[in-house]
Amino acid sequence: MTKKEIAFDNGNRAVVVTASRETGAQSVLRALDLAQPHALIMVFGGAKGLDDSQKTRLAELFSDAVAPAAAELGALVIDGGTQSGVMAMMGEAVARDGRRCQLLGMAPAGKVTYPGGPDDVGIADGAPLEPNHSHFVLVESNEWGGETGTMFELARALNVPVATVLVNGGTIAAEEALQSVRNGWPLLVVEGSGRFADDLSVAVRDGQLEKSSKVSEIACSGRVTLFRVDEPTQKLRDELRRMLCG
């Protein structure tokens, strides 16, 4: 396991811990040296196939609901850490909110680039790290999704209330959503954000459970809350507060 600090062009500095998939969660947490959070918000998904107006609306939800709710509740936010899709929206939202909460990005080490680290030469379908995160854990893997097991181990090791948010997303987000409900955590699904989030929303609303065993298990878990993308932002803040405060 290694640890270093990196500086982004926007002036933000972030702690980067690189660890193997066998490294224990407590060792990683000690290396990160996070301020102890009171809660955890995990963000799953992406933003593929969305038009500009949909992306603008999602960015509003992150800026006006998720980031301020995390700050209010003393929550750590964990996402995929790259400068794309909802991870970029989350980072920008935290920056606009004055970086009042810690934002931890988790990604496979073999797929990301960052200042003073790997460049994009020879990295197929790679992505840069998002420059507003406070912390990163890079798991030694060359595959997207190779970090998922470590992410859930860290989430459990924090031993705080957890709320998870699904926006859009494909196969990796679907697996993360499944693991979330299997851990007994509430899952808030942004209905109208596309792809897996909408497939799951249909199953929850209409009982259409034939799509896949994964969709069926999540939909039948009793842990899913639907939030329509056009609903008031305050409702999303209230839902996150309810999930994390009981």
Side-chain angles (χ1 to χ4, degrees), residues 37-47 50 53-80 85-94 96-98 100-104 151-152 155-156 158-169 173-207 215 217-246:
H38 297 295
L40 172 62
I41 298 172
M42 302 177 75
V43 178
F44 310 141
L50 301 181
S53 65
Q54 291 171 308
K55 290 179 181 178
T56 297
R57 175 55 181 160
L58 287 176
E60 289 174 354
L61 293 178
F62 282 104
S63 290
D64 298 340
V66 181
E72 173 192 341
L73 298 169
L76 169 69
V77 179
I78 294 180
D79 66 9
V86 297
M87 291 84 76
M89 294 177 191
M90 188 71 247
E92 290 160 7
V94 167
R96 281 194 290 270
D97 194 53
R100 294 187 298 144
C101 70
Q102 299 173 109
L103 178 55
L104 169 61
M151 179 174 69
F152 279 92
R156 289 188 293 267
L158 286 167
N159 196 29
V160 295
V162 179
T164 60
V165 180
L166 172 66
V167 180
N168 191 272
E175 180 61 28
E176 291 169 341
L178 179 61
Q179 293 303 317
S180 173
V181 299
R182 285 181 174 175
N183 276 279
W185 300 332
L187 174 67
L188 188 146
V189 179
V190 181
E191 184 179 11
S193 62
R195 301 170 72 211
F196 185 73
D198 284 1
D199 290 343
L200 183 55
S201 298
V202 169
V204 171
R205 283 196 181 280
D206 303 333
V215 169
E217 182 176 345
I218 300 170
C220 293
S221 68
R223 302 190 181 281
V224 178
T225 296
L226 300 182
F227 173 85
R228 293 195 313 276
V229 70
D230 58 353
E231 289 185 285
T233 304
Q234 184 61 45
K235 181 179 178 181
L236 179 53
R237 291 180 69 168
D238 291 344
E239 290 287 2
L240 290 171
R241 188 181 297 111
R242 177 186 63 80
M243 289 176 172
L244 293 170
C245 299

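Just so you know, these numbers use all the heavy atoms, side chains as well, and skip hydrogens, waters and symmetry mates. Quantities reported herein were computed from a predicted structural model and do not represent experimental measurements.
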For side chain to side chain contact (heavy atoms under 4.5 Å, CB included), just list the numbers for M243 and W185, CA-CA rounded to whole Å, side-chain angles, deciding distance to a tenth of an Å, and then say yes or no.
-> CA-CA 9 Å; M243 289 176 172; W185 300 332; over 6 Å; no
Could you walk me through whether V43 and V77 pass the side chain to side chain contact (heavy atoms under 4.5 Å, CB included) test, one step at a time?
-> CA-CA 7 Å; V43 178; V77 179; 4.2 Å; yes
Rounded to the nearest 0.5 Å, what separates atom [atom1] in [X] from atom [atom2] in [Y]?
| X | Y | atom1 | atom2 | result |
| --- | --- | --- | --- | --- |
| E239 | R241 | CD | CZ | 10.5 Å |
| F152 | E175 | CZ | CD | 8.0 Å |
| E60 | L58 | CD | CG | 9.5 Å |
| L240 | I41 | CG | CD1 | 5.0 Å |
| R182 | Q179 | CZ | CD | 5.5 Å |
| L236 | L188 | CG | CG | 6.0 Å |

Say whether, by atom type as modelled, one donor and one acceptor occur between the side chain of [X] and the main chain of [Y] under 3.5 angstrom.
| X | Y | result |
| --- | --- | --- |
| R57 | V229 | yes |
| R223 | G184 | yes |
| S201 | A197 | yes |
| D198 | E191 | no |

Check [X] against [Y] and note the closest heavy-atom contact, atom names and distance.
| X | Y | answer |
| --- | --- | --- |
| G85 | A47 | CA-CB, 3.8 Å |
| P68 | S63 | CD-O, 3.2 Å |
| G45 | M87 | O-SD, 4.0 Å |
| A177 | F196 | CB-CE2, 4.3 Å |
| A59 | R96 | O-NH2, 4.3 Å |
| C101 | A67 | SG-O, 4.5 Å |

Pick out which of L73, N159, V162 makes a side chain to side chain contact (heavy atoms under 4.5 Å, CB included) with L40.
->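 Among L73, N159, V162, the one meeting side chain to side chain contact (heavy atoms under 4.5 Å, CB included) with L40 is V162.
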Does CG belonging to D230 count more than 12 external heavy atoms closer than 6.0 Å?
->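 Enclosed: over 12 neighbouring heavy atoms sit under 6.0 Å from CG of D230.
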Do [X] and [Y] have side chains that get closer than 4.5 Å, going by heavy atoms?
| X | Y | answer |
| --- | --- | --- |
| I218 | L187 | yes |
| P186 | T225 | no |
| V204 | V189 | no |

Verify side chain to side chain contact (heavy atoms under 4.5 Å, CB included) between V66 and L61, making sure each step is shown before the conclusion.
-> CA-CA 7 Å; V66 181; L61 293 178; 5.5 Å; no
Is there a side chain to side chain contact (heavy atoms under 4.5 Å, CB included) between E176 and M42 once you walk through the steps?
-> CA-CA 10 Å; E176 291 169 341; M42 302 177 75; over 6 Å; no
